[in-house]
2 protein chains.
Amino acid sequence: MEDLSSPGSPGERGSGRIGIGLALDSVHFKILGVLRGQGRISVAALAERVGISRANAYTRFEALRADGVITGFSARVDTSRIGLDICALVFVTVRQDLWKQFRATLATMPEVEYCAITTGQHDAMIQIRVQDVSAVHRLVTEQLASIPAVRATETVIILDEVLRRPYVLPTAPRSTEPTPAPAPGAAGTGQFGMTRFIPAAEGRADLQRAADPEE
Amino acid sequence: MEDLSSPGSPGERGSGRIGIGLALDSVHFKILGVLRGQGRISVAALAERVGISRANAYTRFEALRADGVITGFSARVDTSRIGLDICALVFVTVRQDLWKQFRATLATMPEVEYCAITTGQHDAMIQIRVQDVSAVHRLVTEQLASIPAVRATETVIILDEVLRRPYVLPTAPRSTEPTPAPAPGAAGTGQFGMTRFIPAAEGRADLQRAADPEE
DNA sequence: GTTGAAATTAGTACGAA
DNA sequence: TTCGTACTAATTTCAAC
């Protein structure tokens, strides 16, 4: 591994210098796009797919790795095939003085696939994957509840996973048009740090009876 | 690729026959565990890591692929390095008669990394990854809002991603102890299909003023 | 399920454009 | 920088045990 932290000469022809580190051009993104879908593809095949020579592909591949753009590779696993049929989201209210403990404890729980700190009503959202619904209940009431940092939780069960992309790549800059200023009042006012949007047509009614589950 | 859909003889010694298809034993899970962390590892190295012969590793590897347990491989990408610094969750209320359209439209939006249908207050949660906060606003108000199926949205910004595991594997069956029946009243009553848990000590107060963000 | 050898492919190191 | 080629090392396949 070489030290690639010193970036190339400024004024490169590549499109995107993003932050520090490697300046990524469209070929890099093509590579990432292929590797996102086929992580075990050979570099030779990769080179052909993106239309560059093998040597170039090796160079770029290694640069992406060394620079930390690519942090690793993972097998995608069909969770239902390994008995993890149930997925749930747990929204957690955390005691602000015990954050560190909360993170540390989460790291020891293998059922937790994802945890993010969010704005809004709750402090964190964690996604868990377990064998059955009773395991959700056990995990929340026994394990999560026993963490002193956890003040309250709210759990929802995931009924279906519509979309699960390995990783998102930047969209082609389609915003040639200048960003239109949002019409005042169209976007809801922030509440608890979350933004509400309700279409104008049925908006007013819904705003009034916000807790009404179904009409 | 061979047809491995016909399972082996019944009464196999393997620990876990889960659903239909391949009966997975502990070696399979070891393989998945390694491949989850190092998706590009060679099968030879994989064999050594899990303590089996090369040929055996090839056989099992191919079986896991053919049976659909492993659905593919992906590069893990440092999102900040490709300019996708902002991640947000959008909770969507969907018109129940337009689900199909909702799913189809989502699939065309490259910024959407994940979408799940949930119980609870909202119908779906989508996770988006974009370049800046203004892009979140644009995506929600312009793109999501223009979907007829979308009745309302609620957006929260992700401030930090504490944990992001490639994939969860089943935990070792630690529940040797019989699952204790939950004490009635300890777990909150369902509301909108979500389960609340609030520790006994500070629970009552919080229940009363549920909307109080900070004390 | 394991071991060992053959065939193929991958990775590296050059010079040339 | 990128490409093309030759060289070396590794991997995958296939056979027999």
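Each chain gets a letter, A, B and so on, in the order the sequences are listed, and its residues count up from 1.
- Pairs engaging residues 78-99 of chain B under the ring pair (Phe, Tyr, Trp, His ring centres under 6.0 Å) rule: A:Phe91-B:Phe91, B:Phe91-B:His122, B:Trp99-B:Phe102 [sequence neighbours left out].
- In this structure, A:Ile52 atom CD1 and D:dG4 atom P are separated by 11 Å, rounded to whole Å.
- Remark: B:Leu159 pairs with A:Ile117, A:Thr119 by the side chain to side chain contact (heavy atoms under 4.5 Å, CB included) rule, at least two apart or across chains.
- Annotation: the terminal axes of the helix from C:dG1-D:dC17 to C:dA17-D:dT1 meet at 30°, where each axis is the rotation carrying the C1' atoms of four end pairs onto the next four (5 pairs per end, rounded to 10°).
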Task: nucleotides 8-17 of chain D: protein proximity per nucleotide (B base, S sugar-phosphate only, - neither; heavy atom, under 4.0 Å) - done: ---SBB----
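- When the P atom of C:dA10 is taken as reference, atom CD of A:Glu48 falls 11 Å away, rounded to whole Å.
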Can you give each donor-acceptor pair under 3.5 Å made by side-chain atoms of residues 50-57 of chain B, sequence neighbours left out, with the distance rounded to 0.1 Å?
{"from": "B:Ser53", "atom 1": "OG", "to": "B:Asn56", "atom 2": "N", "distance (Å)": "3.3"}
{"from": "B:Asn56", "atom 1": "OD1", "to": "B:Arg60", "atom 2": "NE", "distance (Å)": "3.1"}

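- Evaluation of the side chain to side chain donor-acceptor pair (under 3.5 Å) test over residues 36-47 of chain A, restricted to residues two or more places apart or in two chains, returns A:Gln38-A:Arg49.
- For A:Ser53, taking side-chain heavy atoms from C-beta onward, the closest of the listed nucleotides D:dC3, C:dG1, C:dT2 is D:dC3.
- A side chain to side chain donor-acceptor pair (under 3.5 Å) check over residues 157-169 of chain B, counting only residues at least two apart or in different chains, returns the pairs A:Arg103-B:Asp160, A:Tyr114-B:Glu161, B:Glu113-B:Arg164, B:Arg129-B:Glu161.
- B:Asp78 is linked by a salt bridge (Lys or Arg N to Asp or Glu O under 4.0 Å) to nothing, counting only residues two or more places apart in sequence or in another chain.
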TODO: Give the intermediate values and the outcome of side-chain contact (heavy atoms from CB on, under 4.5 Å) for residues A:Ile126 and A:Leu144.
DONE: CA-CA 11 Å; A:Ile126 78 177; A:Leu144 282 180; 3.7 Å; yes
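- Residue A:Glu62 contributes atom CD, which lies 11 Å from atom C1' of C:dG11 at whole-angstrom precision.
- Applying the ring pair (Phe, Tyr, Trp, His ring centres under 6.0 Å) definition to pairs two or more places apart or across chains, none involves residues 47-66 of chain A.
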